[in-house]
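Encoded as structure tokens, the structure appears first; notes follow it.
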Amino acid sequence: MSRPVAVLAEDEPLIRLEAADMLGEFGFDVLQASTASDALLLLEALNGTALLYTDIDMPGRINGRQLAHEVVARWPSTAIIVCSARSAEDAALLPRGAFFIGKPCAEWVVREALTSLQLH
């Protein structure tokens with residue numbers, strides 16, 4: 001049986017590595033991107049994935065919030081977790097159904113988010 005795929009968009013290399021390891025331990029094959037634009041290219045190549053895990057503040061032409069809205073519009077079955085140090089006001093601007101976690105993202109909180117999204 002193949003593992004579900006997660007696209008991870010995080011510009012901080014150490015945080016991205018930790019998140020990739022954590023998602024891998026939760027049973028995902030993880031594709032990593034350092035910008036939201038690169039994450040969108042991965043999603044387009046796969047025609048969506050089981051999970052998008054992204055930060056909000058990302059370098060480039062689009063940020064993680066814009067990426068989340070694009071994913072909802074194009075691949076509504078893709079679950080979204082946004083892990084960011086941004087405020088609750090920023091979380092309110094995320095698309096409906098996106099799960100917001102404040103940084104630092106504790107493993108148990110991510111596990112609960114995946115359970116809530118029916119992915120774990």
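When all heavy atoms of Leu40 and Arg61 are compared, the pair lying nearest together is CD2-NH2, 4.2 Å. Between Met22 and Glu107, the shortest heavy-atom contact is SD-CA, 3.8 Å. Heavy-atom minimum distance, Pro4 versus Ala50: CB-CB, 3.8 Å. Minimum heavy-atom separation, Gly48 to Thr78: CA-OG1, 3.9 Å. Looking at every heavy atom in both residues, Arg16 comes nearest to Ser34 through NH1-CB, 3.4 Å. Ala20 and Val30 make their closest contact through O-CG2, 3.7 Å (heavy atoms, listed as atom of the first residue, atom of the second, distance).
Annotation: the span from Ser37 atom OG to Ile62 atom CD1 amounts to 4.5 Å, rounded to 0.5 Å. The distance from the CD atom of Glu70 to the CZ atom of Arg74 is 5.0 Å, given to the nearest 0.5 Å. Here the straight-line distance linking atom CG of Leu93 with atom CZ of Phe100 works out to 10.5 Å at 0.5 Å rounding. The line from CG of Asp11 to CG of Asp38 is 11.5 Å long, rounded to the nearest 0.5 Å.
Under the 4.5 Å side-chain contact rule for hydrophobic residues, Leu119 and Ile80 do not share a cluster. The hydrophobic cluster containing Leu46 also contains Leu43, counting ILVMFWY residues as joined when their side-chain heavy atoms lie under 4.5 angstrom apart, directly or transitively. Tyr53 and Trp75 are assigned to two separate hydrophobic clusters, defined by single-linkage of ILVMFWY side chains at heavy-atom distances under 4.5 Å. Ile15 and Leu52 sit in two unconnected hydrophobic clusters of ILVMFWY residues. Membership requires side-chain heavy atoms under 4.5 Å apart, directly or through other members. Val110 and Leu8 fall within a single hydrophobic cluster, where Ile, Leu, Val, Met, Phe, Trp and Tyr are joined by side-chain heavy atoms under 4.5 Å apart, directly or via other members.
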Candidate pair Phe99 and Leu117, rule side chain to side chain contact (heavy atoms under 4.5 Å, CB included), full reasoning | CA-CA 8 Å; Phe99 203 99; Leu117 294 166; 4.2 Å; yes
Check step by step if side chain to side chain contact (heavy atoms under 4.5 Å, CB included) holds for Ile81 and Leu114.
-> CA-CA 8 Å; Ile81 294 177; Leu114 291 170; 3.8 Å; yes
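With a 4.5 Å cut-off on side-chain heavy atoms, Leu23 and Leu51 count as touching.
In this structure, Arg65 contributes its side chain and Ile56 its backbone to no donor-acceptor pair below 3.5 Å. Of the possible polar contacts, none joining the Ser116 side chain to the Glu112 backbone as a donor-acceptor pair under 3.5 Å is found. Side chain of Glu12 to main chain of Leu14: no donor-acceptor pair is present (N/O by atom type, distance under 3.5 Å, no hydrogens or angles).
For the side-chain hydrogen bond (donor to acceptor under 3.5 Å, both in side chains) with Ser84, the lone residue among Asn63, Thr54, Asp55, Asp57 that qualifies is Asp55.
The pair Glu10-Lys103 counts as a salt bridge, with a side-chain nitrogen and a carboxylate oxygen less than 4.0 angstrom apart.
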